[in-house]
Amino acid sequence: MADYNRAIEINPNYAIDYNTRGFSHRRQVNYEAAIADYNRAIEIYPNYALAYNNRGFAHRSQGNYKAAIADYNRAIEINPNYHNAYNNRGFAHRSQGNYEAAIADYNRAIEINPNYALAYKNRGDAYKVLGEKQKAGSDWQTAANLYRKQDNNAGYQGAMNSLRSLQ
């Protein structure tokens, strides 16, 4: 954190440093500080899609889904091919029980990046809640295969645990 503070002290108008420090705050579960840094990054660079996406994640982590979705919408408006923002917006929709909107966002994330294992995993989770176990299982299997190819053991195990829940 000291390095980010020093970088900002040296150049207080560099949006990337605020965004990066905000990410560090978010990882420390200090969402208010993270949001403040994302706000400053956006103030400096109003078309900073990553900062909107990250701020949306912080809002979502606080249960503020309306603000999160607004930030994801803005990130997507800036970069219509931002697959992470679609996935994150889908997660926010799913958290509110809006599974159809969530699935539409996961579909778009997968369309943009067919190797995006997390979007398959999340879409599978939404399908399961809707009782569409075959679709859920197919998505979880795809996620597991992708995670394995990407050497992401934790992701692979999570997808496999989801698959086992269908048995």
Side-chain angles (χ1 to χ4, degrees), residues 1-5 7-8 14-110 112-113 115-130 136 139-140 143 146-147 150 152-159 161-162 165:
M1 189 70 70
D3 289 341
Y4 301 130
N5 293 338
I8 288 168
Y14 191 55
I16 291 171
D17 287 338
Y18 286 98
N19 183 66
T20 306
R21 187 174 72 178
F23 185 80
S24 182
H25 283 305
R26 192 180 88 202
R27 289 179 57 108
Q28 295 173 351
V29 193
N30 185 351
Y31 300 120
E32 293 303 321
I35 290 168
D37 276 345
Y38 298 139
N39 288 343
R40 181 66 180 127
I42 291 164
E43 180 182 316
I44 295 166
Y45 180 39
N47 288 323
Y48 196 2
L50 179 60
Y52 281 101
N53 183 65
N54 287 344
R55 188 173 71 181
F57 194 101
H59 283 306
R60 188 184 85 204
S61 297
Q62 293 181 308
N64 187 350
Y65 301 114
K66 183 177 179 179
I69 289 169
D71 278 342
Y72 298 138
N73 288 343
R74 181 66 180 127
I76 291 165
E77 181 182 313
I78 294 166
N79 180 358
N81 291 315
Y82 194 178
H83 65 276
N84 286 332
Y86 282 101
N87 180 70
N88 289 339
R89 187 174 72 180
F91 195 94
H93 283 306
R94 192 176 90 211
S95 297
Q96 294 183 298
N98 189 349
Y99 300 104
E100 297 302 328
I103 289 169
D105 278 341
Y106 299 141
N107 288 343
R108 182 65 181 129
I110 291 165
I112 295 166
N113 181 357
N115 294 313
Y116 192 22
L118 182 58
Y120 285 101
K121 170 68 171 79
N122 287 339
R123 188 174 70 180
D125 293 346
Y127 280 138
K128 183 180 181 191
V129 171
L130 294 175
D139 275 350
W140 291 334
L146 288 169
Y147 280 132
Q150 297 163 3
N152 181 335
N153 192 50
Y156 173 77
Q157 290 301 322
N161 287 340
S162 294
S165 76

Minimum heavy-atom separation for [X] to [Y], with atom names?
X      : Y      : answer
Leu146 : Ala117 : CB-CB, 3.7 Å
Gln150 : Asn115 : NE2-O, 2.8 Å
Tyr116 : Asn84  : OH-OD1, 2.8 Å
Ala109 : Ala119 : CB-CB, 4.0 Å
Ala143 : Tyr120 : CB-CB, 3.9 Å
Ala15  : Tyr45  : CB-CB, 3.9 Å

Checklist entry - After noting the C-alpha distance and the side-chain angles of Arg74 and Ile69, does the key distance pass the side chain to side chain contact (heavy atoms under 4.5 Å, CB included) rule? => result CA-CA 9 Å; Arg74 181 66 180 127; Ile69 289 169; over 6 Å; no
What's the separation between atom [atom1] in [X] and atom [atom2] in [Y], rounded to the nearest 0.5 Å?
X     : Y     : atom1 : atom2 : value
Ile16 : Asn19 : CD1   : CG    : 8.0 Å
Asn98 : His93 : CG    : NE2   : 6.0 Å
Glu77 : Asn47 : CD    : CG    : 8.5 Å

Quick one: does [X]'s side chain have a donor or acceptor within less than 3.5 Å of a partner on [Y]'s backbone?
X      : Y      : result
Trp140 : Lys121 : yes
Tyr99  : Lys128 : no
Tyr38  : Phe23  : yes
Ser162 : Gly158 : yes
Gln96  : Lys66  : no

Item to check | Tyr18 side chain reached by Ile42 side chain, heavy atoms, under 4.5 Å | outcome: no
Item to check | Residue pair Asn153 / Gln157, side-chain heavy-atom distance below 4.5 Å | outcome: yes
Item to check | Sole residue of Asn54, Ile35, Asp37 in side chain to side chain contact (heavy atoms under 4.5 Å, CB included) with Arg26 | outcome: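 One option only clears the test, and that one is Asn54.
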Item to check | Step-by-step side chain to side chain contact (heavy atoms under 4.5 Å, CB included) determination, Tyr14 to Ile44 | outcome: CA-CA 7 Å; Tyr14 191 55; Ile44 295 166; over 6 Å; no
Next on the checklist: Cation-pi check for Tyr65 against Arg60: NZ or CZ below 6.0 Å from the six-membered ring centre and within 45 degrees of the axis, yes or no?
Outcome noted: no
Item to check | Test log, rule side chain to side chain contact (heavy atoms under 4.5 Å, CB included), inputs Tyr52 and Ile76 | outcome: CA-CA 9 Å; Tyr52 281 101; Ile76 291 165; over 6 Å; no
